[in-house]
Each structure stands twice: as C-alpha cells, then as structure tokens.
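Per chain, numbering begins at 1; letters A, B, ... match sequence-line order.
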Number of protein chains: 2
Amino acid sequence: MDPTAAEIEQAVLAFEAFLREKRLKMTDQRRTMVRVVLDKRGHFTADELNRKLVADGESVSMATLYRALALLEEAGLLEGHDFADGQRRYERALHREHHDHMICVDCRAVIEFTNERIEELQEEVVRRHGFSMHDHSLTLFVKCDEWHGTGACARRAKIEASQQASQG
Amino acid sequence: MDPTAAEIEQAVLAFEAFLREKRLKMTDQRRTMVRVVLDKRGHFTADELNRKLVADGESVSMATLYRALALLEEAGLLEGHDFADGQRRYERALHREHHDHMICVDCRAVIEFTNERIEELQEEVVRRHGFSMHDHSLTLFVKCDEWHGTGACARRAKIEASQQASQG
DNA sequence: ATATCTGCAAATGTTTTGCACTTTT
DNA sequence: AAAAGTGCAAAACATTTGCAGATAT
C-alpha cells in the first residue's frame with residue numbers, strides 16, 4: 001500500500017522531469033520534500049509537514065515549503081483539499097485511487113469513501129449543463145459517534161493512535 | 001421568489017426569538033443585517049455585504065458584521081459555504097431549496113443544481129458507515145465555456161450583468 | 001554566466017479579539 | 001443596574017511576496 005523506496009525514487013525522477021519541462025530546477029529541498037511527502041499517510045497541513053521535516057532534521061523555510069507544495073500539486077504528486085477549516089490539506093497522489101471524504105465534525109477524523117454511482121451522476125449533471133468537469137469536491141460532515149451516545153468522540157483516540165503508529 | 005416585505009419582517013421576529021432564547025439582544029445593526037441579507041440574491045462575501053451596507057448608508061463595523069453573520073448562520077437564516085478561495089460565502093436560507101454548486105474555474109460563476117439521487121446515495125454512504133449526516137458539501141469545479149472555445153469565459157459578462165440588474 | 005532558489009522578514013487578506021464605551025433588557 | 005453589543009485598533013492566522021545572497025543548469 002505504501003510506495004516502496006524504488007517507487008519514491010521514481011517519483012523524484014518524475015518530478016525532476018516535470019521541473020525540467022518548465023525550466024525549473026531540482027534542489028535538495030525539493031528532493032527532500034518529494035520523499036517525505038510520498039512517505040506520509042493520510043492528510044496533512046503545511047504546518048504538519050513542516051514539523052515532520054524539522055523532526056527529521058531536514059527543515060526548509062515555510063516560504064520554500066509552500067512554493068514546493070504548489071509545484072508538487074501541479075505535478076500531480078500531491079492532491080490538495082479544502083475542508084473549510086482555514087487550512088489546506090494535502091495527501092499523496094501516488095498509489096491512491098480517487099475518493100471523497102467524510103469528516104467527523106466532533107473529532108475531525110477523515111474517513112475516505114468512493115461511490116461510483118455518485119461519480120457518474122456528477123458527470124451527468126455537468127454534461128447536461130454543457131460544461132466540462134475540471135475537478136470536484138464532495139465532503140460529508142458527519143457525527144461519527146452519535147449512535148454510540150458517548151458524548152465524546154469514541155473513535156478519536158483510536159484513530160490518532162493508529163495514525164501515529166503508522167506514521168513514525 | 002424573493003421574500004416579500006412581510007416575510008422579511010417575520011424573519012426579523014424569528015431572529016429576535018432566536019436571540020431571546022440565547023439571552024442575546026436585538027440591536028439596530030442586527031435588524032438591518034437581517035433585512036439586507038434576506039433581500040440579497042445569490043452568494044456574497046462578508047466584504048460584499050459590507051459594501052452594500054455602506055452604499056445603503058447603514059454600515060456597521062466589520063467586527064459586528066462578522067459576529068452577526070455567525071449568529072444568522074446559527075439561526076438558520078443564512079447558509080455559509082467554503083468554495084476554497086479564502087473567503088467564506090453566504091446565501092440566504094429563506095425561500096431556498098437545498099442545492100449544490102458548480103463553480104466555473106475561469107470566471108468564478110456559481111451555478112446551482114440539485115440531484116435527488118446523489119442526495120440519497122450520500123445518505124446511504126453515511127448510514128452504511130454507522131454515522132449520521134451533519135451536513136454535506138458538493139462542489140463541482142467546471143469550465144463553463146470550454147465547449148464554446150472562446151478562451152475567455154463567454155458567460156461572465158452576461159452573468160455579472162444579470163446579477164447587477166437583479167440586485168440593485 | 002544566468003536564470004532560478006532559498007530564507008528571511010515584511011506584507012497580505014480575511015477573520016477574530018481585547019477593551020472602553022454605548023445600548024438593550 | 002446588569003448583561004450584552006458596538007467600533008476601533010490590534011492580533012491572529014495561513015499563505016504569499018520582495019529581496020539579497022546562494023545554487024543549479
């Protein structure tokens with residue numbers, strides 16, 4: 001499920017090709033970011049990525065980080081989302097099928113899902129208006145523990161623990 | 001389609017009831033905002049609302065405006081959306097059926113649509129996960145003139161003109 | 001060589017907040 | 001009188017930008 005080391009190096013090369021085509025340059029900072037970003041599971045903010053880089057002893061300035069995030073997104077290695085909380089979130093686009101998101105309004109957990117029929121219907125709506133689809137964003141804001149009646153969000157601790165375990 | 005004067009006054013009373021229940025107070029500024037907001041067609045930002053109020057000679061400070069927007073949303077008179085461009089947008093919730101949005105990535109035109117089947121499928125997804133739906137947001141980012149091949153967005157002028165005409 | 005990068009600090013733009021004063025209840 | 005609201009200016013916040021010096025091609 002996670003990209004192998006070889007796949008990550010391949011992505012570094014792909015990014016280099018992308019940069020070359022735009023007459024931009026590959027740098028140590030950008031290489032580092034490709035590697036760290038592709039290694040990351042789940043969604044992360046610019047700030048979270050920065051903290052990871054600092055922890056790894058490979059920090060780059062926020063300016064450079066933001067500039068690189070934009071390029072990585074443009075190169076298709078990263079996908080950005082707006083979940084309406086004032087911070088853009090990213091996830092790697094390698095080894096990931098298209099999916100939509102459910103967010104728990106209590107604990108902010110992100111749960112992914114796909115529904116082929118919904119995708120088709122969206123396409124149909126756009127087509128019927130004579131437009132073409134550029135992108136789409138479907139986010140369901142849910143309460144993930146309402147039916148457990150605990151008041152606090154029962155899944156929160158579990159989700160955080162498993163993310164930490166898998167993340168390092 | 002637009003609320004009548006009577007309906008707007010009714011909404012003022014409803015807002016007053018909402019405030020009373022929360023032990024908050026009705027003020028001139030809040031009354032003004034209810035009226036202006038319910039009179040507004042389409043989507044607007046805090047800044048656009050402010051300009052309208054200034055133009056009407058009934059301006060309130062941005063601090064008060066933001067505080068009131070939050071209350072109006074809470075009271076269900078207003079609906080807020082995040083279209084991923086850094087500014088929250090609002091629309092009146094009176095006389096409005098639920099709908100989703102298509103945004104032209106070129107001209108930022110907002111086109112509304114509904115699709116009952118998509119709604120049902122969303123509910124089903126949430127139910128299948130054992131959650132309950134709190135809210136949902138479906139936004140399709142489209143190119144509205146791609147098939148007209150003009151390069152510039154053919155509908156933009158038309159849309160802006162008709163919004164101005166209907167808005168005053 | 002020269003165009004692009006980086007990091008810093010400063011700017012940006014929207015939204016929020018602390019506070020002294022005013023208004024509603 | 002007490003509780004809440006207002007406007008102002010300042011703060012907060014994520015993100016962007018100008019610029020001088022560093023680096024990749």
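With rounding to whole Å, A/Leu65 atom CG is found 13 Å from D/dT16 atom C1'. When the P atom of D/dA9 is taken as reference, atom CE of B/Met62 falls 15 Å away, rounded to whole Å. Regarding A/Met33, its CE atom lies at a distance of 14 Å from the C1' atom of C/dG7, rounded to whole Å. Rounded to an integer number of Å, the gap from CZ of B/Arg51 to C1' of C/dT14 is 13 Å. Here the C1' atom of nucleotide D/dG7 and the CD atom of B/Gln29 are 9 Å apart, to the nearest Å. Rounded to whole angstrom, the span from the CG atom of B/Leu71 across to the C1' atom of D/dT6 amounts to 13 Å. Regarding B/Glu73, its CD atom lies at a distance of 13 Å from the C1' atom of C/dT15, rounded to whole Å. Between the CD atom of B/Glu21 and the C1' atom of C/dT25 there is a distance of 17 Å, given to the nearest Å.
Distances shown here put every side-chain N or O of A/Tyr66 at or beyond 4.0 Å from the OP1 or OP2 atom of D/dT16. Listed pair A/Gln87 / D/dT15 fails the phosphate criterion, with no side-chain N or O lying under 4.0 Å from OP1 or OP2. Under 4.0 angstrom from either OP1 or OP2 of C/dC5 there lies no side-chain N or O belonging to A/Thr27. Taking side-chain N and O atoms only, A/Arg30 has a distance below 4.0 Å to OP1 or OP2 of C/dC5.
The 5' end of DNA chain D is approached more closely, in terms of each residue's nearest nucleotide, by B/Lys22 than by the other of B/Lys22 and B/Arg67. Nearest-nucleotide positions on DNA chain C place B/Tyr90 closer to the 5' end than the other of B/Arg31 and B/Tyr90.
Taking a cutoff of 4.0 Å between a charged side-chain nitrogen and a carboxylate oxygen, B/Arg35 and B/Asp39 do not qualify as a salt bridge.
In this structure, of C/dA3, D/dT15, C/dC8, it is C/dA3 that holds the atom nearest to the side chain of A/Lys25. Side-chain proximity of B/Ala46 to the nucleotides C/dT15, C/dT6, D/dT6 is greatest for C/dT15.
At a cut-off of 3.5 Å, with distance as the only test, a side-chain donor of B/Glu91 or B/His99 sits close to an acceptor on the other residue.
A heavy-atom distance below 4.5 Å is not found between the side chains of B/Val12 and B/Arg30.
With B/Leu53 as reference, B/Met33 is the one residue of B/Met33, B/Gln29, B/Glu48 to meet the side chain to side chain contact (heavy atoms under 4.5 Å, CB included) rule.
Two rings, from B/His101 and B/Phe83, have their centers less than 6.0 Å apart.
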